[in-house]
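Okay, structure first, notes after.
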Amino acid sequence: MRLEVSQAFSRGTKYFLVFYTIISLILTARHFYSYHASEGTDDDAAIFPRADENKAEIPLLNSSSSSSLSHSKNSSSQLQVDHQALAQSSDSSSHPDVAWPLDNGYSQRMDEDYVLSKIFSEAMGPSNLTPYYRRASALVEKNDITMATLVTRNRFKVLSRLATHYKGPISAAIHVNDDDSKQEVLDELHAVYQSNPDMQSYVDIHLMLDNFDRQFNLWRNVAKFFARTDYIMMLDVDFHLCTNFRQRIRNDPKIMALLDSGSAALVVPAFEYVAGEDGLDWRTFPTSKSNLLEEVESGKLDMFHKSWLRGHGSTNYTKWYASDDLYKVVDYNFSYEPYIIYKKEGSPWCSERFIGYGANKAACLYEIYISGIDYWVLPDDFLIHQTHEYPEATRRKERQYNRKLYSNFREELCLRYARLFVSTGDWDSSKADNLRDQCHRIRGFRSAMNLA
Ligand SMILES: *[C@@H]1O[C@H](CO)[C@@H](O)[C@H](O)[C@H]1NC(C)=O
Ligand SMILES: *[C@@H]1O[C@H](CO)[C@@H](O)[C@H](O)[C@H]1NC(C)=O
Ligand SMILES: *[C@@H]1O[C@H](CO)[C@@H](O)[C@H](O)[C@H]1NC(C)=O
Ligand SMILES: *[C@@H]1O[C@H](CO)[C@@H](O)[C@H](O)[C@H]1NC(C)=O
């Protein structure tokens, strides 16, 4: 009797265990099924839309271009702008999404305007920016030098001339006021772009439509940001490139190594004609150093902005006239604003707080210098300014404003970079030489850093 009870009990336990196991399996399977099935629901998609597998490798712009918002070789963390999604999307917004891949084929998508508002967050906004408004069709080599420049309405023809003359990559930030004249200006731009095949081959246009005038440093950053090569030249479009420094630099492994190190920027010395009318036609400009020297000796040509010596004086023109070799700028002045070729990645951006005339370019060059990048002057190459009118009254007022801003900015930068160098262990290295030399003159810096 007791035996039967215990046998019945153990049989019951067995049945129960079997039953329990089956139920568990069913429930687990159901749970897995419903969990995975829910991944694609609309609710989730609104937060983490599922990336379409075949979109994972969509080229950013065009498969023929090597450009990408990110040049990262790590495709799993690559930032992508999804033009296909744009084409399929039913809303008529002109901007694509930017997507960061997450696990399991998900991606975090953001409106491109939102991303750009953060990228250029120091500037006045909102600005309506269209990157690659027109895309150059020629293939771009990564180790080439892009002319990064900013262009307004009265310089469209000058840009077109630059394209034909340079026949290399150009990244142009073009600002157009968002007012009644807008369509007329865009028509002009389209006409110039259509009429010159070199514009179509070489010039990427990044269009900014807003009513903020003269945000030069924002425009410079836009031109740099979307440049597709490793090296850029920060160029004023008015300057004529008299010599072929692009070829000279690219064929010189020593100079390329210097550029690639990220600790050097190359200065191309700038000149202007003493009599404005001599500077109107670039076809009459010298194309070799010896020809240039003749015109300098005859008093026809001189350094650019001789009346504002600190702007280009650090290049040391006396030295340049006699020099056959690359040399380093030793007498740096915080108002120095040479035209430089430098590495895109790792170099500082231009502070977008400088709006209007005065100190804006100097501020870019100051930060580049303080960050540990030395200036090296190219001995055989030069630029000549093509004459045009300056709006003098505006310039004077804005300069006053920016002078104050710049003096605060230098002090702030000195503290910021000093702190960076202490953190990275570079404080005692040669990378901090430029900073130590320049910042030591600032009283607030000396006391904050406990320096004598
Ligand atoms: C992309 O490149 C192809 C050639 O590879 C060209 O035919 C096409 O027009 C380009 N598309 C755009 C939008 O530039
Ligand atoms: C690539 O990205 C993954 C995930 O974001 C990361 O774990 C990995 O370290 C990255 N590799 C490189 C070489 O950056
Ligand atoms: C410029 O170079 C010349 C010639 O090499 C030199 O004598 C002079 O001291 C330099 N000027 C400055 C300010 O460094
Ligand atoms: C910059 O140059 C100007 C004019 O040559 C000079 O007066 C000034 O002292 C220089 N400043 C520095 C910091 O070198």
Side-chain angles (χ1 to χ4, degrees), residues 234 236 258 264-272 274 289-290 292-297 299 301-340 348 350-351 354 357-383 385 395-396 398-418 421 430-449 451-452:
M234 199 197 294
D236 277 3
L258 195 61
L266 306 173
V267 173
V268 186
F271 289 82
E272 72 185 339
V274 175
K289 187 171 181 176
S290 54
L292 172 110
L293 288 179
E294 284 168 21
E295 295 197 18
V296 169
E297 270 155 34
L301 260 178
D302 210 331
M303 66 174 281
F304 184 60
H305 280 179
K306 191 168 195 165
S307 57
W308 177 248
L309 207 52
R310 56 188 75 188
H312 291 264
S314 298
T315 296
N316 193 344
Y317 283 74
T318 325
K319 182 167 184 164
W320 188 80
Y321 295 141
S323 206
D324 293 325
D325 287 323
L326 200 65
Y327 64 89
K328 193 160 144 181
V329 167
V330 289
D331 187 32
Y332 176 83
N333 190 301
F334 63 70
S335 298
Y336 190 37
E337 46 179 26
Y339 297 100
I340 57 166
C350 293
S351 171
F354 291 88
Y357 293 109
N360 57 77
K361 199 189 304 147
C364 305
L365 286 139
Y366 186 77
E367 184 157 354
I368 290 170
Y369 188 68
I370 293 293
S371 79
I373 297 175
D374 289 317
Y375 294 132
W376 293 83
V377 184
L378 290 168
D380 294 316
D381 299 291
F382 53 93
L383 310 168
H385 188 249
R395 290 161 74 89
R396 219 167 291 128
E398 290 179 340
R399 278 202 180 110
Q400 215 170 13
Y401 174 88
N402 280 342
R403 194 173 306 136
K404 177 66 186 149
L405 192 60
Y406 191 30
S407 131
N408 293 344
F409 177 74
R410 290 197 304 275
E411 187 164 334
E412 180 197 319
L413 269 198
C414 282
L415 293 168
R416 193 142 51 85
Y417 276 88
F421 288 154
S430 62
K431 192 169 180 181
D433 283 351
N434 296 345
L435 178 141
R436 272 193 298 268
D437 175 50
Q438 290 301 307
C439 300
H440 198 74
R441 302 160 201 242
I442 297 174
R443 193 154 19 105
F445 177 80
R446 284 199 306 271
S447 54
M449 299 298 292
L451 300 171

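As the structure lists them, so they are numbered: ligands from 1, and atoms in each ligand from 1.
- Listed by chain and number, the residues in a side chain to side chain contact (heavy atoms under 4.5 Å, CB included) with A265 are I340, Y342, I373, Y375 (sequence neighbours excluded).
- Residues F409 and F354 bring their aromatic ring centres within 6.0 Å.
- A side-chain contact (heavy atoms from CB on, under 4.5 Å) with Q438 holds for exactly one of L413, D433, I370; it is I370.
- When each atom of ligand 3 is checked for a heavy atom of N316 under 4.0 Å away, the hits are 1 (C), 2 (O), 3 (C), 8 (C), 10 (C), 11 (N), 12 (C), 14 (O).
- Contact residues of ligand 4 (protein heavy atom closer than 4.0 angstrom to a ligand atom; sorted by chain and number): R310, Y332, N333, R441.
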*asked:* Apply side-chain hydrogen bond (donor to acceptor under 3.5 Å, both in side chains) to residues D236 and Y339 and explain how you reach the verdict.
replied: CA-CA 8 Å; D236 277 3; Y339 297 100; 3.0 Å; yes
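- Checking side-chain atoms of Y401 against main-chain N and O of Y357 turns up no donor-acceptor pair under 3.5 Å.
- Taking the six-membered ring for Trp and thresholds of 30 and 60 degrees, H312 and Y336 have ring planes more than 60 degrees apart, a perpendicular arrangement.
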